[in-house]
Amino acid sequence: MKRNFTRSNKNDKISFLKNKNFIKENKNELVKNSLNLKANQLILSGKHATLSALRNTKRRLFYLISTKDHYKVWEKNITDLGLSIEVKIKTKEQLDIINNFKPHQNVILIVEHLKRISLDEFLTEKRHTSKKPLRIIILDQVSDPQNVGAIIRSAYAFKMNALALSQTNSPIESTSMSKASSGAIEKLEIIELSNMSRAIKKLQNENFRVYGLAHGGDRNIFDLEEEVGNVAIIVGSEGKGLRRLTREKVDQLIEIPINPESESLNVSNAASISMFQLQKNFIKI
């Protein structure tokens with residue numbers, strides 16, 4: 001049955017849409033006013049991201065926000081984990097505004113940004129604790145937070161020891177990055193590199209074989225299955241790929257064989273394929 005709208009109905013609908021657009025356009029100010037967020041505070045949302053953050057002993061937690069209907073569930077989760085943080089109650093509409101009208105599954109957690117470690121700190125720690133070869137995925141100025149989050153998720157799934165990011169032209173930790181990682185950002189070491197060329201040289205001096213993933217490489221990723229030592233794989237930015245100096249410094253350029261008539265793969269897909277190929281040999285080590 002076709003629904004008829006009165007003039008009043010239509011005016012109400014227009015008023016609602018205008019109000020919603022106003023909220024979206026002024027979201028940052030509204031959130032600042034309603035939560036009083038500080039510069040070091042970050043919004044996480046969704047069940048997976050929230051639970052992973054609550055379980056991460058390295059993550060500083062401020063408080064959790066949920067709706068009245070879900071309050072007790074999250075209070076129990078916090079108690080079961082032996083934590084003591086405040087749980088605030090807000091309406092679903094308020095959570096929508098805080099999370100910029102993106103899915104939040106009725107839970108938002110306010111946390112401090114994770115601290116990234118240096119390459120030296122990572123290598124020093126792993127020299128004494130790791131019994132297996134080390135594997136690192138390096139992002140050469142990958143700029144999309146969702147791509148970075150997706151690569152973090154795959155890196156953890158495929159048993160990489162760490163993910164490294166350029167200090168410049170790389171995104172800071174964000175709500176969308178955490179969401180895309182599905183909580184894996186809480187479990188994987190994140191390294192920040194001040195200089196890509198020096199980092200490659202340092203890894204080579206530490207007996208790493210450093211590969212650059214690039215179209216036109218003279219070997220393909222099938223060779224990664226034979227690697228039994230320390231390996232680092234570098235993937236380039238969306239659109240531009242590896243920078244010239246990075247291509248020159250790596251030990252070997254490798255490519256993923258695809259249909260020549262096809263467009264190049266998304267960076268997160270390409271990284272996932274290479275990490276999957278590399279992890280195959282763990283059953284042999």
Side-chain angles (χ1 to χ4, degrees), residues 116 118-120 122-123 133-158 160-172 177 180-181 188-227 229-280:
R116 297 175 180 178
S118 69
L119 182 57
D120 283 337
F122 171 79
L123 292 172
L134 298 174
R135 274 75 202 284
I136 304 173
I137 184 78
I138 301 175
L139 311 187
D140 187 13
Q141 298 193 353
V142 175
S143 59
D144 187 315
Q146 290 189 317
N147 278 336
V148 175
I151 295 171
I152 290 172
R153 181 176 183 177
S154 295
Y156 184 71
F158 294 134
M160 304 297 282
N161 297 100
L163 176 140
L165 290 161
S166 307
Q167 192 175 60
T168 56
N169 297 323
S170 294
I172 62 170
M177 185 188 296
S181 82
L188 188 72
E189 293 275 22
I190 308 295
I191 300 168
E192 188 168 84
L193 306 175
S194 58
N195 182 282
M196 185 64 68
S197 295
R198 287 201 297 267
I200 292 171
K201 185 65 176 176
K202 185 182 293 290
L203 288 169
Q204 290 166 335
N205 290 339
E206 293 283 339
N207 298 315
F208 274 78
R209 180 79 171 166
V210 182
Y211 289 95
L213 192 62
H215 179 68
D218 51 6
R219 292 173 64 185
N220 67 50
I221 63 162
F222 297 137
D223 295 324
L224 291 176
E225 189 176 347
E226 304 305 317
E227 281 289 354
N230 299 330
V231 173
I233 301 173
I234 307 179
V235 297
S237 65
E238 302 90 342
K240 296 181 180 179
L242 293 179
R243 289 177 291 169
R244 178 187 58 81
L245 197 56
T246 302
R247 295 173 70 103
E248 293 173 357
K249 296 290 184 181
V250 299
D251 294 305
Q252 194 80 49
L253 289 174
I254 56 174
E255 68 174 1
I256 299 172
I258 61 173
N259 185 340
E261 297 179 5
S262 172
E263 294 289 334
S264 60
L265 295 171
N266 171 276
V267 63
S268 65
N269 292 333
S272 296
I273 291 168
S274 63
M275 290 186 287
F276 168 75
Q277 189 67 22
L278 179 62
Q279 66 91 36
K280 285 183 179 180

Report yes if the side chains of [X] and [Y] come closer than 4.5 Å at any heavy-atom pair, otherwise no.
| X | Y | result |
| --- | --- | --- |
| Ser166 | Asp140 | yes |
| Leu224 | Ser274 | yes |
| Phe122 | Ile136 | yes |
| Pro257 | Phe222 | yes |
| Leu245 | Met196 | no |
| Ile190 | Ile152 | yes |
| Met275 | Ile137 | yes |
| Arg153 | Leu188 | no |

request  = Could you please spell out the steps behind the side chain to side chain contact (heavy atoms under 4.5 Å, CB included) verdict for Asn230 and Arg135?
outcome  = CA-CA 6 Å; Asn230 299 330; Arg135 274 75 202 284; 5.9 Å; no
task = Determine, step by step, whether Glu225 and Leu278 satisfy the side chain to side chain contact (heavy atoms under 4.5 Å, CB included) criterion, reporting the C-alpha distance in whole Å, the side-chain angles of both residues, the deciding distance to 0.1 Å, and the verdict.
result = CA-CA 5 Å; Glu225 189 176 347; Leu278 179 62; over 6 Å; no
task = Check each of Ser268, Ser272, Ser181 against Ser154 using the side chain to side chain donor-acceptor pair (under 3.5 Å) test, and report the only one that passes.
result =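 The residue from Ser268, Ser272, Ser181 that satisfies side chain to side chain donor-acceptor pair (under 3.5 Å) with Ser154 turns out to be Ser272.
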Could you grab the distance from atom [atom1] of [X] to atom [atom2] of [Y], nearest 0.5 Å is fine?
| X | Y | atom1 | atom2 | result |
| --- | --- | --- | --- | --- |
| Arg243 | Glu248 | CZ | CD | 12.0 Å |
| Ile233 | Gln277 | CD1 | CD | 9.5 Å |
| Leu193 | Asn195 | CG | CG | 9.0 Å |
| Ser264 | His215 | OG | NE2 | 8.5 Å |

Could you report the tightest heavy-atom contact between [X] and [Y], atom names first, then the distance?
| X | Y | result |
| --- | --- | --- |
| Pro171 | Val148 | CG-CG2, 3.8 Å |
| Asn147 | Glu238 | ND2-OE2, 3.0 Å |
| Ile273 | Leu265 | CD1-CD1, 3.7 Å |
| Pro133 | Gly229 | CB-O, 3.4 Å |

task = Return yes if a side-chain donor-acceptor contact under 3.5 Å exists between Asp120 and Ser118, otherwise no.
result =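 No, because no side-chain N or O of Asp120 sits under 3.5 Å from a partner of the opposite role on Ser118.
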Could you pull out all donor-acceptor pairs under 3.5 Å where a side-chain atom in residues 203-210 meets a protein atom, sequence neighbours excluded?
{"from": "Gln204", "atom 1": "NE2", "to": "Lys249", "atom 2": "O", "distance (Å)": "3.0"}
{"from": "Gln204", "atom 1": "NE2", "to": "Asp251", "atom 2": "OD1", "distance (Å)": "3.2"}
{"from": "Asn205", "atom 1": "ND2", "to": "Lys201", "atom 2": "O", "distance (Å)": "3.4"}
{"from": "Glu206", "atom 1": "OE1", "to": "Arg127", "atom 2": "NE", "distance (Å)": "3.4"}
{"from": "Glu206", "atom 1": "OE2", "to": "Arg127", "atom 2": "NH2", "distance (Å)": "2.6"}
{"from": "Arg209", "atom 1": "NH2", "to": "Gln252", "atom 2": "OE1", "distance (Å)": "3.2"}

Quick check against the 3.5 Å criterion: does [X] have a side-chain atom that pairs as donor or acceptor with the backbone of [Y]?
| X | Y | answer |
| --- | --- | --- |
| Glu255 | Leu213 | no |
| Glu192 | Leu165 | no |
| Thr246 | Leu242 | no |

ask   = Could you go step by step and tell me if Ile151 and Leu139 meet the side chain to side chain contact (heavy atoms under 4.5 Å, CB included) rule?
value = CA-CA 9 Å; Ile151 295 171; Leu139 311 187; 3.9 Å; yes
key: Partner set under ring pair (Phe, Tyr, Trp, His ring centres under 6.0 Å) for Phe276, not counting sequence neighbours   =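 Partners of Phe276 under the ring pair (Phe, Tyr, Trp, His ring centres under 6.0 Å) test: Phe158.
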task = For Arg219 and Leu253, run side chain to side chain contact (heavy atoms under 4.5 Å, CB included): C-alpha distance rounded to whole Å, both residues' side-chain angles, the deciding distance at 0.1 Å, then the answer.
result = CA-CA 7 Å; Arg219 292 173 64 185; Leu253 289 174; over 6 Å; no
